Amino acid sequence: MTSTAPETQRGQDAGDPLGEQPTSWQRRLRRFGHVPRPETSLRDRLDPPWTRPGRQVWSVLAIPPHVADRLVRWSGWGGPLLVTLVAGLLRFWRLDQPNAVIFDETYYAKDAWALVNQGYEGSWPKDVDKLILKDPSSVPIPTDPGYVVHPPVGKWIIGFGEQLFGFTPFGWRFMVAVLGTISVLLLCRIGRRLFRSTFLGCLAGLLLAVDGLHFVMSRTALLDLIVMFFVLAAFGCLVVDRDRSRRRLADALPVDEEGVLRPDARIAETLRLGWRPWRLGAGVMLGLAFATKWNGLYILAAFGLMTVLWDVGARRTAGAARPYMAVLRRDLTPAFLSTVPVAIVTYIVSWTGWIVTDKGYYRNWAATEGKGSSWSWLPDWLRSLWHYENQVYDFHVGLTSGHTYESNPWSWLVLGRPVSYFYEEQAGCKESSTGKCAAEVLAIGTPLLWWLACFALAYVVWRWLFRRDWRAGAIACGVAAGWVPWFFYQERTIFLFYAVVFVPFLCLAVTMLLGAIVGPAAGTGARADLGLTSKDPTGERRRTLGAIAAGVLVLLIIWNFIYFWPLYTGTSIPEDLWRDRMWLDTWV
């Protein structure tokens, strides 16, 4: 795996005493595994090169060099698209099964149908689900407004699928499956850019394709996978923005007589990085995440801080003596304006259907109960919306009623308490010793992938703290932004499937660990980072053994996904086999 230079080290070109003369903090960190990096050119630290596959693979396959070069060029998109095709086939296979309204589809499928037909959610009668499954055309859309506790974007997306394919299980699951499939493509491309390796990018996407929780959520009309999609898209936009801004810095720095790029404090501290459309795109994506479920707001804050720190690292690497002050003067305001106001505007626009009608829940509050307020100079729709949001907030923080499948966020990574979306028992099953068969849709991650991710997260945190690897910090930020906020609401009723928001970052963490197990190719700069030199005779042997170990782990994860396939898809199996898959008592 190619290693990029850490942000806190500016290298010998920038005057940092590395290698021969380590700083005091580097000496102290050596006991924990810190190794000063070998000298790397300033351009490579600002704009790391992409890795290219070695010639050995092509020679073994007897592929001519010119054909191999063409395949390498195509692999940047061809590999991710192939992984995405596999993920799409898995997710759309019998998408209409089970032919039932499972778990919280009973809320979002009906709210989405009302939203796309009349602009606001209706108050549906109880026990209407069976009538919808039998003949949806016979069920009228209620005109009385319904009290809903989530913003509308996710329901608009679900409703678009219903408009295309009808008010049926396939219709309300269609767009979620589309986003689940595209998210695999996004992760392949993000991983490729993050690690500068097409192979590792495709590996990250493959792991996401075979994660059970992501798979189940891609086939269920709930909001959390939609939040995950927008969060992942925002992260990808920020990674692209980071690359482009650092390349712009590198292009502005002076070159000496020997053609070597040199740091320059004046340029590093005063250069304006100009128009950054990818950061603006991230603001829109984070606004859409926030406009689907409110936990997107925490991710907006975390990603906003992360992108500012990336700018600090870039200016420091380019030679800035006071990088924080330079970012405060040049980058902080544009970064804020590109994310926070954009996200807020996106959020408000998402309520357009509610705003333009006069029948939505609390839509007329400002003109009735809120009349005479000191804020009456504001538009009625805005005051009504603000009141609605206050009521929803009170609902969320006060949601403490018990639920059979609720779980504490401490248990999520080890899959302590998954959620059963659907369960059906059939009698007369001759293959079972109990005479029964069971069909279940269980929202649970692929166990071996998640348990390996626990070790991968420890490795990522270690690499971030002691190797100063920005990629590890970015992955840790993605996990923390989606996971940590739930610890502040441990008394609230919360579920394991909320964790789907940070599943892509778990896959990136596992990919980073597997890349480290494989080790870098011979002759790469990262080889010294692993304590190996290009002349080390054990290097290739270690890489071969590492590749075998990593390959075995990946195959075990894929096998584990196949083994749990019946529980992900609601496939009827003998009760004996169902119980064999209940590895922990808390899964029942």
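No experiment lies behind these values; they were computed from the predicted model shown.
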Rounded to the nearest 0.5 Å, what separation is found between the [atom1] atom of [X] and the [atom2] atom of [Y]?
X	Y	atom1	atom2	result
Ile226	Ile158	CD1	CD1	4.5 Å
Leu186	Thr181	CG	OG1	11.0 Å
Met228	Leu208	CE	CG	6.5 Å
Asp111	Leu223	CG	CG	9.0 Å
Asn99	Phe422	CG	CZ	9.0 Å
Tyr120	Leu115	OH	CG	11.0 Å

By salt bridge (charged side-chain N to carboxylate O under 4.0 Å, His left out), which residues pair with Arg383, not counting sequence neighbours? Asp380

Determine the interplanar angle of the [X] and [Y] rings, folded into 0 to 90°, and report it as parallel if under 30°, tilted if 30 to 60°, perpendicular if over 60°.
X	Y	answer
Trp587	Trp583	parallel
Trp410	Phe487	perpendicular
Trp354	Tyr388	tilted
Trp172	Phe167	perpendicular

Within a strict 4.5 Å, meaning less than it, do heavy atoms of the [X] and [Y] side chains meet?
X	Y	result
Leu442	Val216	no
Asp144	Tyr361	no
Thr434	Asp576	yes
Leu222	Glu105	yes
Trp450	Val414	no

Distance-minimising heavy-atom pair for [X] and [Y]:
X	Y	answer
Thr346	Val284	CG2-O, 3.9 Å
Ala439	Gly570	CB-O, 3.4 Å
Ser183	His214	OG-NE2, 2.9 Å
Ser411	Ser407	OG-CB, 4.0 Å
Leu206	Val83	N-CG1, 3.7 Å
Val231	Phe303	O-CE2, 3.7 Å

Give a yes or no on whether a salt bridge exists between Arg276 and Asp241, defined as a side-chain N under 4.0 angstrom from a carboxylate O. yes

Indicate yes or no: does Lys110 engage Glu121 in a salt bridge with an N to O separation below 4.0 Å. no

So, [X] and [Y]: side-chain donor and acceptor under 3.5 Å apart, yes or no?
X	Y	value
Glu389	Gln391	no
Ser432	Glu575	no
Ser572	Gln426	yes
Arg192	Thr198	yes
Thr569	Gln97	no
Thr446	Asn560	no
Trp294	Tyr347	yes

Could you go through the side-chain contact (heavy atoms from CB on, under 4.5 Å) check for Leu300 and Thr339 one step at a time? CA-CA 8 Å; Leu300 169 64; Thr339 51; 4.2 Å; yes

Taking [X] for its side chain and [Y] for its backbone only, find out whether a donor-acceptor pair lies under 3.5 Å.
X	Y	value
Ser338	Ala335	no
Thr307	Gly304	no
Ser384	Ala366	yes
Arg91	Leu179	no
Trp483	Pro409	yes
Arg363	Asp358	no
Arg193	Val240	no
Arg581	Leu567	no
Asp211	Leu207	no
Thr220	Met217	no

Taking ring-ring contact (aromatic ring centres under 6.0 Å, His included) as the definition, give me every residue that meets it alongside Phe497, ordered by chain and number, with sequence neighbours left out. Phe103, Tyr421, Phe495

Ring centres under 6.0 angstrom apart ([X], [Y]):
X	Y	answer
Phe230	Phe290	no
Trp565	Trp93	yes
Trp559	Tyr563	yes
Tyr423	Trp578	yes

Greater than 12 external heavy atoms within 6.0 Å of [X]'s [atom1]:
X	atom1	value
Tyr568	OH	yes
Phe170	CZ	yes
Asp127	CG	no
Trp278	CH2	no
Arg244	CZ	no

Test log, rule side-chain contact (heavy atoms from CB on, under 4.5 Å), inputs Arg417 and Leu496: CA-CA 7 Å; Arg417 182 60 171 165; Leu496 170 65; 6.0 Å; no

Using the side chain to side chain contact (heavy atoms under 4.5 Å, CB included) rule, pick out the option among Val501, Thr292, Ile182 that qualifies with Phe229. Ile182

Set out, in order, the CA-CA distance, both residues' side-chain angles and the distance that settles side-chain contact (heavy atoms from CB on, under 4.5 Å) for Met512 and Ile475, then state yes or no. CA-CA 10 Å; Met512 195 170 196; Ile475 295 169; 4.0 Å; yes

Is the NZ or CZ atom of Arg189 both under 6.0 Å from the centre of the six-membered ring of Trp77 and within 45° of that ring's axis? yes

Phe160 six-ring centre to Lys155 NZ/CZ under 6.0 Å and within 45° of normal: no

With side-chain contact (heavy atoms from CB on, under 4.5 Å) as the test, would you mind laying out the steps for Glu425 and Cys437 before giving the verdict? CA-CA 6 Å; Glu425 194 175 84; Cys437 279; over 6 Å; no

